Amino acid sequence: MPTVLDQIIDGVREDLAGREARLPLQQLQRQCDGMPAPRDAEALLRRPGLSVIAEVKRKSPSKGDLSQIPDPAALASAYARGGATAISVLTEERRFSGSLDDLTAVRDAVDLPVLRKDFMVSEYQVWEARARGADMILLIVAALDDRRLASLMDLAGTLGMTCLVEVHDEAETTRAVDLGATVIGVNNRDLKTLEVHIDTFARLAPLIPQTCVRVAESGVQGPDEAQLYARAGADAILVGEALVIGGDPAAGVRSMIEAGAAR
Ligand SMILES: O=P(O)(O)OC[C@@H](O)[C@@H](O)c1c[nH]c2ccccc12
């Protein structure tokens with residue numbers, strides 16, 4: 001039985017083939033020439049205190065429609081006002097209703113590093129991220145074998161981007177660490193079943209060296225979970241749903257940062 005993750009990736013590959021046919025890799029690479037260097041997301045995430053990576057998320061396979069977000073740039077600006085360290089933009093179209101245009105809109109609206117959040121399976125997507133001005137990309141260990149993961153990390157590094165390497169269990173964490181990931185995100189949601197177990201971060205955090213940036217992803221409903229993750233050793237949290245449905249995204253971000261400071 002294919003998992004949800006397998007199904008999502010099948011769709012991603014189909015959409016990717018369409019884009020590759022329209023814009024060949026060489027042309028895409030040329031778009032990156034002369035672009036300003038990426039912002040150093042990793043350095044910002046290393047600053048003291050709990051960082052919030054705030055996400056532009058319209059929809060998800062687990063929760064369905066969350067928020068229409070007609071103006072992603074305005075949402076990102078609100079996140080910035082609230083003190084977010086970086087903005088995550090979902091660019092997957094079929095299940096999350098995201099787009100690369102959202103990424104561009106956010107990039108143009110804020111000075112913060114921007115994460116391209118997608119299911120990255122090929123180097124083309126890494127170039128695409130950079131051409132649209134992404135400073136950081138997500139790499140999901142469960143979706144990649146070691147060789148591919150290493151080559152995508154390598155390319156992103158060459159292009160000056162930070163990789164957020166996402167894990168969900170002990171074996172994936174060990175793989176990420178062994179491949180030299182320096183920013184590791186523990187997704188508390190299992191992408192194969194979509195279940196959230198809030199204690200996943202605390203279980204896996206001890207396997208991540210102190211020298212890495214440790215990010216807790218998913219399941220943050222508000223300040224309580226922000227504090228819980230901060231106490232368990234998170235340097236940053238990645239939050240989508242709670243901020244897009246909360247009504248006041250700036251205040252939402254602020255309250256999570258404050259809760260993290262009270263660890
Ligand atoms: O909306 P939440 O529960 O705050 O979760 C945000 C983020 O962690 C989640 O969107 C996410 C984490 N890893 C992913 C990988 C692909 C798509 C989405 C994700």
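Owing to the predicted nature of the structure, the values given are computational and were not obtained by experimental measurement. Counting convention: from 1, in listed order, for ligands and their atoms alike.
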On a heavy-atom basis, which atom in Ser122 and which in Leu152 lie closest, and how many Å separate them? C-CD2, 3.7 Å
For Ala156, side chain to side chain contact (heavy atoms under 4.5 Å, CB included) partners two or more places apart: Val126, Ile137, Met161, Cys163
Partner residues of Gln221 under the side chain to side chain contact (heavy atoms under 4.5 Å, CB included) criterion, sequence neighbours left out: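 Expected list: Glu225.
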Salt bridge flag under 4.0 Å for residues Asp101 and Arg132: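 Looking at Asp101 and Arg132, the cut-off is met.
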Does the pair Asp235/Arg46 count as a salt bridge with the N-to-O cut at 4.0 Å?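 Salt bridge flag = no for Arg46 with Asp235.
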Among pairs that include at least one residue of residues 154-196, which meet ring pair (Phe, Tyr, Trp, His ring centres under 6.0 Å), considering only residues two or more places apart or in two chains?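 Listed once each, the pairs would be none.
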List, ordered by chain and residue number, the protein residues whose closest non-hydrogen atom lies under 4.0 Å from any atom of ligand 1.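 The 4.0 Å shell around ligand 1 contains Glu55, Lys57, Leu90, Phe96, Lys117, Phe119, Leu138, Ile140, Glu166, Asn187, Arg189, Glu217, Ser218, Gly219, Leu238, Val239, Gly240, Glu241.
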